Amino acid sequence: MVEDATKVEKKEKKEKKEKKEMKEKKEKSKDEPDAEKRSKSKRTASDEITIDLAQEIPLSKKHARMLKKGKITIEEIKKELGLTEKPKKDDKEVKLDADGNEIEAEKKPAKSEFGVWIGNMTFDTTKEDLIKFIVSKTTDFARIETVCNDATARALITEDDITRVNLPMKERKIKGFAYVDFKTAQHMNAAIAISEENLLGRKLLIKNANSYEGRPKKDPLAGLSKNPPSRILFVGNLSFDTTKESLETHFQHCGEILKIRMATFEDTGKCKGFAFLDFKDEVGPTKALQDKACQRITNRPLRMEFGEDRSKRVPNHHKKAQEEAQAVREARSESFIQPPRERYVEPVYTAPAFDAERKPKRPRPEGFSRSNHDSYKRVKSSIALAGAQRASAAIVPSAGKKVTF
């Protein structure tokens, strides 16, 4: 009975609390202003944004009010928003000063058909130096005629004959060459004739600007790979799920693949991210590098280069032997005559001639013999010491007598 009474009391307390909370919420909702109630409610049709499509530019509420009152015009609004039309590029470019007035500036001169390219210039060369050099050096008509092999090429170039001087710049310094355009072909030939003349300590090289003779041909594979062409293709940036079969199907249209060497992890056997493809010849790797379809696999960009062909590698000791053999071949191929070798003749021994003035040897005494002489009877020191008694290495007690004075 006591437990039932406690449960009833708890329920009554909860109901009282809930009633108090409901009253407080109602009082707060009454105190809130109407603007906040509107913001919480859904927007009505009158609150939606209206746009006037007849206007040239979308106007804000502020600009619309000012237009109605006549305080501002559409042109001023365009200037404020930065929507003014840019001046059209005609033969003369139009520039505006600080007041907004137009300033007519002459357009840059167009490129002429009769132009020259001037190279091997110092970085301190200016346009004035080039113009003075061309005007001063073209006064020698005889030189121009001999170089051009044409008498009509003789033309004195003045400053008015030079229509354009272009000095390409990089970091406020010229790149070492320039383009100069002339009015006629005679002036162009006259400028080419003064090639290899000295300007500021440099011999200038002057050529026709439209001639590309002497330039090395561009290698189409130079930008594709840093290594020289070979029959092996290196493929990098592979995913760990790549297999040999997927690589073979991806590159099989490039050529015959002899072997695929893919680096794998020892524990899982998955790809480490790179592989080497051995093709039959160099055509396969070159096609793979040039084909855009081979540059991606499973939406992943690949890094491809020519690999090193180990079959063409020569050890260092073999290289030295080949170089030595080549040096011997070159020495033999040289045309020179060696002097004949002299035949070796063995010398014959001849006894010295008898000299009468030489002193004779002292005669030996009578009865002398080496066996009886004392010097020959003496025992050698090495033999005498061989039979001597060996001294002991132990400590020997002293056997002498102490003498006192």
Side-chain angles (χ1 to χ4, degrees), residues 89 91-93 95 103-229 289 305-306 323 326-327 330 334:
K89 291 185 178 181
D91 294 337
K92 293 183 179 180
E93 294 180 354
K95 293 183 180 179
I103 300 172
E104 292 185 357
E106 293 183 359
K107 195 178 179 181
K108 292 181 180 180
K111 188 177 178 181
S112 174
E113 297 179 0
F114 312 110
V116 295
W117 176 86
I118 303 175
N120 197 29
M121 295 165 51
T122 60
F123 298 123
D124 301 329
T125 309
T126 60
K127 290 183 180 181
E128 290 75 14
D129 296 336
L130 268 180
I131 293 168
K132 288 178 182 178
F133 169 77
I134 293 168
V135 170
S136 61
K137 292 293 182 180
T138 51
T139 54
D140 190 0
F141 292 151
R143 171 181 168 76
I144 295 169
E145 186 176 348
T146 52
V147 172
C148 296
N149 296 323
D150 189 3
T152 60
R154 299 195 313 175
L156 179 64
I157 298 175
T158 61
E159 292 185 9
D160 297 334
D161 298 328
I162 300 171
T163 59
R164 187 179 73 105
V165 178
N166 181 19
L167 283 168
M169 306 285 285
K170 185 179 181 180
E171 296 179 357
R172 296 183 181 180
K173 284 187 179 181
I174 66 169
K175 293 184 178 180
F177 61 91
Y179 295 95
V180 182
D181 294 350
F182 302 95
K183 289 182 178 179
T184 62
Q186 292 181 355
H187 296 116
M188 182 186 70
N189 294 331
I192 293 170
I194 61 172
S195 181
E196 297 186 3
E197 289 289 337
N198 198 330
L199 174 64
L200 301 177
R202 290 283 192 95
K203 288 186 177 181
L204 301 186
L205 177 62
I206 304 175
K207 296 170 64 177
N208 189 343
N210 299 320
S211 176
Y212 300 100
E213 294 179 0
R215 289 190 180 183
K217 294 181 179 179
K218 290 185 179 180
D219 188 4
L221 300 175
L224 299 175
S225 176
K226 298 178 183 178
N227 301 328
L289 288 170
E305 286 186 2
F306 286 115
E323 289 175 359
Q326 184 65 23
E330 291 176 357
E334 292 178 359

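Just so it is clear, the values below take in all heavy atoms, side chains as well, and ignore hydrogens, waters and symmetry mates. For clarity, every value in this text was computed on a predicted model and none was experimentally measured.
A side-chain donor-acceptor contact under 3.5 Å links S225 to the backbone of F306. Between the side chain of T125 and the backbone N or O of T122, at least one donor-acceptor pair lies under 3.5 Å. Of the possible polar contacts, none joining the N210 side chain to the G115 backbone as a donor-acceptor pair under 3.5 Å is found. Side chain of D161 to backbone of T158: a donor-acceptor contact under 3.5 angstrom is found.
Open room surrounds CD on E159; 12 or fewer heavy atoms of other groups in view lie less than 6.0 Å from it.
With contacts defined as side-chain heavy-atom distances shorter than 4.5 Å, the pair F114/H187 does not qualify.
Between F182 atom CZ and M188 atom CE the span is 9.0 Å, to the nearest 0.5 Å. Rounding to the nearest 0.5 Å places CG of L204 at 7.0 Å from CE of M121. Residue I194 holds its CD1 atom at 9.5 Å from CG of L199, rounded to the nearest 0.5 Å. For the atom pair CD1 of I118 and CG of N120, the computed distance is 11.5 Å after rounding to the nearest 0.5 Å. Expressed to the nearest 0.5 Å, how far CZ of F177 lies from CD1 of I206 amounts to 15.0 Å. Taking CD1 of I162 as the start and CD1 of I134 as the end, the distance is 4.5 Å to the nearest 0.5 Å.
Residue pairs that meet the salt bridge (Lys or Arg N to Asp or Glu O under 4.0 Å) test with at least one member in residues 179-190, sequence neighbours left out, are R164-D181.
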May I have the list of side-chain donor-acceptor pairs in residues 166-175 shorter than 3.5 Å, sequence neighbours left out?
none

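Listed here is the closest heavy atom pair of W117 and G119: CH2-CA, 3.6 Å. Residues T138 and A190 come closest through the heavy atom pair CG2-O, 4.0 Å.
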